[in-house]
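Every heavy atom of this structure was used, including side-chain atoms; hydrogens, water molecules and symmetry mates were not.
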Amino acid sequence: MDLGFLLQALIPSWNSVAVLLIFFAYLAIAGSILPGKLVPGVTLQDGSRLYYRCNGLRALLLLVGLLGIGSKMNFVSPTVISNRGLELLSTTFIFSFLTMVVLYAAGCRSCSKGSSLKPHITGNLIHDWWYGIQLNPQFMGIDLKFFFVRAGMMGWLIINLSVLAKSVQDGSLSQSMILYQLFCAFYILDYFVHEEYMTSTWDIIAERLGFMLVFGDLVWIPFTFSIQGWWLLNNKVELTTAAAIANCFVFLIGYLVFRGANKQKHIFKQNPKALIWGKPPKVIGGKLLASGYWGIARHSNYLGDLLLALSFSLPCGLSSPIPYFYPIYLFILLVWRERRDEARCAEKYKDIWAEYCRLVPWRIFPYLY
């Protein structure tokens with residue numbers, strides 16, 4: 001692929017704009033009308049709390065079903081996304097930028113004193129633009145932070161399914177592609193099965209909605225997490241039986257650690273006396289969980305996430321570093337985030353955090369880091 005062709009392919013078209021707007025419109029409507037569990041968020045500094053309608057799984061399954069019916073009836077091509085991948089990438093990037101312009105302007109004009117909409121302006125334009133100035137901005141009653149992360153996760157699956165359809169159409173479907181697709185589909189579906197756990201994560205409770213999250217949710221997640229699928233479209237990989245089995249074990253261990261750690265933390269926040277691995281939880285200062293996975297490493301969920309990311313790339317073999325972009329990037333991101341989280345917790349909990357660090361010395365990797 002030469003540079004001229006690449007630049008031409010990146011030019012947005014009205015078709016790519018239509019695809020993106022229809023996708024967002026569907027998510028807004030489905031998220032508003034489909035039934036789902038109403039989950040309370042964490043209590044904010046002003047004593048208020050937001051409520052999240054967790055109907056993402058229903059919205060995703062309905063979307064996939066509608067796309068399947070539309071494909072059967074020739075209303076939509078199953079390869080419409082894989083055929084326009086670069087167009088959609090640039091279109092989504094422009095949309096993210098424009099969205100951030102609106103969010104920044106609306107935030108600067110906000111006079112709200114509540115934790116969700118109170119503007120946090122440092123005076124450093126780059127810092128405020130990147131990290132955002134409002135915690136939970138809304139549009140027409142829709143919590144945008146929750147909406148964008150849902151769009152990113154759904155978009156990742158829809159891109160993958162279109163790539164899968166193209167590999168079938170081209171006759172290039174391989175064992176590696178099947179493994180990659182199965183791992184990602186299970187991970188994404190599981191995310192929406194446990195969508196309520198998202199309400200107690202760092203992104204939702206602490207990060208303001210700036211370009212970092214908008215771009216990360218709408219562009220980075222769907223388009224970079226699917227690199228392995230795009231790569232397998234053009235590269236044939238033959239895995240040995242042993243390699244395929246080992247890949248499955250990496251995925252399984254990563255899933256158990258990731259999901260188990262997040263579940264323990266979420267349950268602890270809902271009920272601090274709930275048993276952890278059959279025993280009463282060990283709690284530092286009445287606030288910090290030091291049992292289960294959280295007694296092994298202070299950010300054990302990051303370890304599980306990294307193993308999962310690695311399992312998505314291993315089906316591509318070891319001939320190229322390109323499919324390993326996601327786990328490498330994720331490693332850098334999570335170490336950076338872990339450092340920021342540690343600084344925030346040290347300031348918030350002070351002596352309690354120091355005691356927790358003495359009891360649980362490992363940050364992410366037990367006995368290594």
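When all heavy atoms are compared, the tightest approach of Gly210 to Met100 is C-SD, 3.5 Å. In terms of heavy-atom proximity, Gly31 sits nearest to Arg53 at O-CD, 3.6 Å. Counting all heavy atoms, side chain and backbone alike, Leu218 lies closest to Thr92 at O-CG2, 3.2 Å. Nearest heavy atoms, Ile284 versus Ala290: CG1-CB, 4.0 Å. Here the closest non-hydrogen pair linking Tyr52 and Thr199 is CD1-CG2, 3.6 Å. The two residues Gly155 and Phe23 come nearest to each other via the heavy atoms N-CZ, 3.9 Å.
Using a 4.5 Å heavy-atom threshold, the side chains of Leu89 and Val219 count as touching. A 4.5 Å side-chain heavy-atom check between Val163 and Ile81 finds every atom pair outside the cut-off. Asn262 has its side chain out of reach of His194: every pair of non-hydrogen atoms, C-beta onward, lies at least 4.5 Å apart. Using a 4.5 Å cut-off on side-chain heavy atoms (C-beta onward), Val360 and Lys282 make no contact. Between Asn301 and Trp294 there is a side-chain heavy-atom pair separated by less than 4.5 Å. Residues Ser116 and Gln138 fail the side-chain proximity criterion, which asks for heavy atoms closer than 4.5 Å. At least one side-chain heavy atom of Leu66 sits under 4.5 Å from a side-chain heavy atom of Tyr26. The side-chain heavy atoms of Pro280 and Leu275, taken from C-beta on, include a pair separated by under 4.5 Å.
In this structure a side-chain-to-backbone donor-acceptor pair under 3.5 Å is missing from Glu196 to Val39. With Ser32 contributing its side chain and Ala28 its backbone, the two residues share a donor-acceptor pair below 3.5 Å. Side-chain N or O atoms of Ser176 include one that pairs as donor or acceptor with a backbone N or O of Pro315 at under 3.5 Å. Checking side-chain atoms of Asp217 against main-chain N and O of Arg150 turns up no donor-acceptor pair under 3.5 Å. Counting only distance, with no hydrogens or angles, the side chain of Lys350 and the backbone of Glu347 share a donor-acceptor pair below 3.5 Å. Using modelled atom types, no side-chain atom of Ser110 and backbone atom of Gly107 make a donor-acceptor pair closer than 3.5 Å.
Side-chain N/O atoms of Ser226 and Asn160 include no donor and acceptor closer than 3.5 Å. Side-chain polar atoms of Ser77 and Thr79 form a donor-acceptor pair below 3.5 angstrom.
In terms of hydrophobic clustering, with Ile, Leu, Val, Met, Phe, Trp and Tyr side chains grouped at heavy-atom distances under 4.5 Å, Tyr367 and Phe331 are assigned to different clusters. Hydrophobic clustering of Ile, Leu, Val, Met, Phe, Trp and Tyr side chains at less than 4.5 Å, counting indirect connections, unites Phe258 with Phe365. Cluster annotation: Ile205 and Ile267 are assigned to distinct hydrophobic clusters (Ile/Leu/Val/Met/Phe/Trp/Tyr, side-chain heavy-atom contacts under 4.5 Å, transitive).
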Show your working on side-chain contact (heavy atoms from CB on, under 4.5 Å) between Met177 and Ser172 and close with a plain yes or no.
CA-CA 9 Å; Met177 178 66 84; Ser172 61; over 6 Å; no
Between Ile188 and Leu60, does the side-chain contact (heavy atoms from CB on, under 4.5 Å) criterion hold? Intermediate values first, please.
CA-CA 10 Å; Ile188 296 167; Leu60 177 60; 4.3 Å; yes
In sequence, state the C-alpha distance, the side-chain angles, and the governing distance for His120 and Leu135, and then conclude on side-chain contact (heavy atoms from CB on, under 4.5 Å).
CA-CA 9 Å; His120 298 265; Leu135 184 63; 5.8 Å; no
Would you please test Leu173 and Leu164 for side-chain contact (heavy atoms from CB on, under 4.5 Å) and show each step?
CA-CA 8 Å; Leu173 184 63; Leu164 176 62; 3.6 Å; yes
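By the 6.0 Å contact criterion, NZ on Lys236 is enclosed, its count of non-hydrogen atoms from other residues, nucleotides or ligands being greater than 12. Shown here is Leu368, whose CG atom has more than 12 heavy atoms of other residues, nucleotides or ligands within 6.0 Å.
Summarising the geometry, atom OG1 belonging to Thr224 is positioned 6.0 Å from atom CZ belonging to Phe325; distances are rounded to the nearest 0.5 Å. Distance check, rounded to the nearest 0.5 Å: OG of Ser162 to CG of Asn83 gives 6.5 Å. Atoms CG and CG, on Leu209 and Leu144 in that order, are 6.5 Å from each other to the nearest 0.5 Å. Summarising the geometry, atom CD belonging to Gln228 is positioned 12.5 Å from atom CG belonging to Leu179; distances are rounded to the nearest 0.5 Å. Note that CD of Glu238 and CD of Gln175 are 7.5 Å apart. Values are rounded to the nearest 0.5 Å. Asn15 contributes atom CG, which lies 10.0 Å from atom OG1 of Thr91 (distance to the nearest 0.5 angstrom).
The side chain to side chain contact (heavy atoms under 4.5 Å, CB included) test with Trp129 singles out one residue from Asn124, Val101, Leu103, and that residue is Val101. Across Phe312, Phe225, Tyr255, a single residue satisfies ring-ring contact (aromatic ring centres under 6.0 Å, His included) together with Tyr187, and that is Phe312.
Aromatic ring centroids of Phe24 and Phe95 lie under 6.0 Å apart.
Ring planes of Phe251 and Phe183: parallel class, angle under 30° (limits at 30 and 60°). Ring planes of Tyr293 and Trp277: perpendicular class, angle over 60° (limits at 30 and 60°). Taking the six-membered ring where tryptophan is involved, the planes of Tyr131 and His127 are tilted, since the angle between them lies from 30° to 60°. Under the 30°/60° scheme for interplanar angles, the aromatic rings of His266 and Tyr197 are found to be tilted.
The side-chain tip of Lys348 does not point at the ring of Trp353 from less than 6.0 angstrom away and within 45° of straight on.
A salt bridge links Arg340 with Glu207; the closest basic N to acidic carboxylate O contact falls under 4.0 Å. Ion pairing of Asp203 with Arg337 is present here, as a side-chain N (NZ or NE/NH1/NH2) and a carboxylate O approach within less than 4.0 Å.
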